[in-house]
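Encoded as structure tokens, the structure appears first; notes follow it.
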Amino acid sequence: IRITGPLAGPALQQLTRGNRTQPRVIPPRVATLANLSYQGRMLDQALVLYFPNPHSFTGQDVVELHTHGSRAVLQDVLAVLESMEIDVATNHQDDNHNKMTQLQKLRYADAGEFTSRAFAAGKLDVLQVEALADLLAADTLMQKQQALSQLQGDLSKLYQEWKRELTGSLAHAEAIIDFGDDEHLMEMEEEDGMDDFGDNDAHEEVQKQAAQQALWGGVTEKVQTLRAAMELQLKHAQRGEWVRQGFQMAIVGPPNAGKSSLFNILAQDEQAAIVSPIQGTTRDVLSVNLNLGGLKCKLSDTAGLREETGDLIEQEGMKRAQQVAQKADLVLVLLDVASLAAKSLEEHGDNHQSTPPTTSVLLEQELDRLVPSSEISRNQVVLVLNKADLLGSKDGVNEKITLSPTTEKELSAMYTISCQTQEGMDEFLQGLTDHVMERVMGGEDDQDDTLNKEEDPLMTRGRHRQHVQAACEALERFEILQRDGLVTVDMAAEELRLAASELGRLTGAIDVEDVLDQLFTDFCIGK
């Protein structure tokens with residue numbers, strides 16, 4: 001049982017006083033065995049901890065009562081705490097100039113109130129509050145590690161460093177605005193207007209750039225470096241959100257391809273989805289959370305996508321299946337390879353077919369029908385060929401399955417499995433795990449990035465992406481405006497303010513005092 005606020009200490013004294021004439025002294029931050037009683041009635045024997053302000057989670061006095069865990073003990077102690085009246089000194093005095101007191105009572109905390117008090121006391125910033133919520137909701141190892149990193153302030157330190165860079169640049173801009181008529185600034189503008197090189201445009205451009213450099217110092221280069229760092233963070237934004245929210249995967253395919261069977265295998269639950277030889281058994285979207293390599297993944301089983309149906313319920317199921325596939329981070333397209341091979345063999349025997357399609361051609365046709373490349377990128381598709389156990393044993397079907405080089409290159413991967421015999425399943429599960437982890441950890445495509453994939457903090461919410469994107473856009477506008485020297489210095493400075501404000505909103509703090517402190521530190525204003 002945890003108590004916080006100015007009544008926490010007095011409440012502990014009442015509970016541990018017993019028959020003593022003076023309150024028992026509980027040493028700070030030391031687990032102490034104590035008998036809890038109230039008005040002469042024993043409540044429990046417990047370990048008690050006392051954290052005086054400001055060295056506590058909330059920044060206020062905090063008391064923890066580690067009681068026995070039975071319902072009767074908890075109800076008894078909580079009832080006493082709720083009814084307890086505590087004398088609290090006020091600022092008023094009686095006729096004899098003695099401080100007056102008033103009785104106050106404890107109340108149950110609101111949801112998240114301990115954390116909100118910690119934020120109000122400056123113990124946590126907004127990012128750390130978000131991290132604490134993520135830590136409490138973590139299901140996987142990667143979620144826990146990311147939340148702990150953010151709770152320790154890794155992401156806050158990054159944004160605060162960016163803010164410090166902007167604060168210094170903004171202080172420079174403020175000096176130009178407030179003291180723009182100083183001799184050295186006026187001389188820079190006059191030199192910019194001089195034409196020592198006649199009508200030579202190239203020389204004029206060089207002269208203008210030199211004046212800009214003298215006016216803004218190293219601010220422009222700092223802003224460019226900072227914007228590049230922000231753009232890199234934005235590029236990897238999805239990775240942090242995948243870890244926190246989960247990687248979305250959807251199984252799509254025609255009826256009776258084995259989607260629900262694969263869903264049950266991945267979910268490790270034979271009862272997760274109903275499996276039946278009747279086409280259209282799955283009508284709605286079924287979802288289950290998986291743990292792949294420490295990453296939370298949300299897997300969805302969908303209705304079979306047939307070319308046409310008159311069943312209104314099945315039509316709605318197909319519509320939902322397509323919507324889920326379009327929103328998924330990875331789409332598992334499951335096809336019955338044995339049926340397609342048999343269909344190819346049957347069409348080969350048809351005399352009217354001059355060039356009967358091979359199984360590979362039929363596969364590509366089904367792929368285009370189920371996940372049109374105009375709606376779902378091929379690099380988000382894993383092709384899974386099910387019922388491999390029936391190949392070579394059905395009407396002499398024994399065709400080697402291959403795809404066109406273009407299609408094979410575009411797809412994320414292709415596997416041949418059998419949900420019935422588990423053939424190829426280990427390879428598929430390992431390959432799927434490796435592929436998902438490669439996507440989340442950055443993959444080989446990001447080898448040239450300077451972002452350390454394991455150590456550098458990642459933004460974890462859409463809110464972070466929104467503010468960093470806005471700050472980045474403001475810095476881009478600054479780079480355009482600063483080229484015109486003193487003419488647009490006010491507008492350029494305002495873009496720096498906007499960028500700093502966006503970063504301040506990330507952690508929950510931005511004020512003008514930061515700029516003033518930096519201003520008087522870096523410039524000799526009084527000369």
Side-chain angles (χ1 to χ4, degrees), residues 247 249-279 281-282 286 288 290-293 297 299-305 325 328 330-346 348 357-367 370-371 378 380-405 407-438:
F247 191 86
M249 297 190 298
I251 304 175
V252 300
N256 275 27
K259 298 184 300 301
S260 295
S261 296
L262 179 61
F263 181 78
N264 290 347
I265 291 173
L266 293 175
Q268 298 182 348
D269 182 0
E270 294 182 357
Q271 304 299 320
I274 297 175
V275 177
S276 166
I278 302 174
Q279 292 192 0
T281 301
T282 302
L286 301 177
V288 66
L290 308 178
N291 185 334
L292 291 182
C297 297
L299 178 68
S300 297
D301 182 23
T302 63
L305 297 175
L330 190 68
V331 180
L332 307 180
V333 177
L334 191 70
L335 297 177
D336 180 351
V337 65
S339 294
L340 290 174
K343 181 179 179 181
S344 173
L345 185 65
E346 179 183 339
H348 268 278
T358 64
T359 305
S360 299
V361 170
L362 292 175
L363 282 175
E364 298 207 26
Q365 291 175 353
E366 275 290 86
L367 191 62
L370 296 168
V371 283
R378 283 287 186 265
Q380 292 180 234
V381 175
V382 172
L383 181 58
V384 185
L385 306 180
N386 188 28
K387 304 187 181 181
D389 55 304
L390 300 181
L391 283 176
S393 64
K394 192 174 184 179
D395 299 326
V397 176
N398 193 16
E399 179 186 339
K400 183 179 179 181
I401 308 301
T402 58
L403 297 176
S404 68
T407 302
E408 194 166 335
K409 183 178 179 180
E410 290 176 342
L411 290 174
S412 286
M414 183 177 78
Y415 300 94
T416 302
I417 65 169
S418 170
C419 292
Q420 181 68 32
T421 66
Q422 303 291 301
E423 176 186 342
M425 194 59 68
D426 289 342
E427 180 185 355
F428 165 67
L429 290 174
Q430 187 60 54
L432 180 63
T433 301
D434 292 343
H435 176 77
V436 170
M437 292 301 294
E438 184 178 317

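Treat the numbers as computed from the prediction; the structure is a model and nothing was measured.
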dist Leu362:CG -> Ser339:OG (nearest 0.5 Å) comes out at 11.0 Å
Arg378 side chain to Val371 backbone, donor-acceptor under 3.5 Å: yes
Taking every non-hydrogen atom, the tightest pair across Tyr415 and Leu432: OH-N, 4.0 Å
With a 4.5 Å limit on heavy-atom distance, are the side chains of Cys419 and Ile265 in contact? yes
Quick one: closest heavy-atom pair of Thr416 and Ala388, and the distance? CG2-CB, 3.4 Å
Least distance between heavy atoms, Met249 atom then Cys297 atom: CE-CB, 4.0 Å
What pair of heavy atoms forms the shortest contact from Ala325 to Val252, and how long is it? CB-CG1, 3.9 Å
Quick one: are Leu363 and Leu385 in side-chain contact, heavy atoms under 4.5 Å? yes
Between Val381 and Leu330, which heavy-atom pair has the shortest distance, and what is it? N-CD1, 4.5 Å
Above 12 or not: heavy atoms from other molecules or residues under 6.0 Å from CD of Glu427? no
Please tell me if the side chains of Val333 and Glu366 come closer than 4.5 Å, counting only heavy atoms from C-beta onward. no
Drop me the distance from Leu383's CG to Glu410's CD, to the nearest 0.5 angstrom. 12.5 Å
Would you please test Val331 and Leu370 for side chain to side chain contact (heavy atoms under 4.5 Å, CB included) and show each step? CA-CA 11 Å; Val331 180; Leu370 296 168; over 6 Å; no
Answer yes if the side chains of Gln430 and Asp426 hold a donor-acceptor pair under 3.5 Å, and no otherwise. no
Go through the steps for Asp336 and Asn256 under the test side chain to side chain contact (heavy atoms under 4.5 Å, CB included), then give the verdict. CA-CA 8 Å; Asp336 180 351; Asn256 275 27; over 6 Å; no
About how many Å separate CG of Leu266 and CG of Leu292, when rounded to the nearest 0.5 Å? 8.0 Å
Around Gln422, counting heavy atoms of other residues, nucleotides and ligands shown, do more than 12 lie under 6.0 Å from its CD? yes
Does Pro254 offer a backbone N or O that forms a donor-acceptor pair with the side chain of Lys259 under 3.5 Å? yes
With a 4.5 Å heavy-atom cut-off, do Leu262 and Asn386 have their side chains touching? no
Indicate yes or no: at least one non-hydrogen side-chain atom of Leu411 is less than 4.5 angstrom from one of Leu367. yes
In Å and rounded to the nearest 0.5 Å, what is the CZ to CG distance from Phe247 to Leu299? 11.5 Å
Which atoms form the tightest heavy-atom contact between Ile251 and Thr302, and what is the distance? O-OG1, 2.6 Å
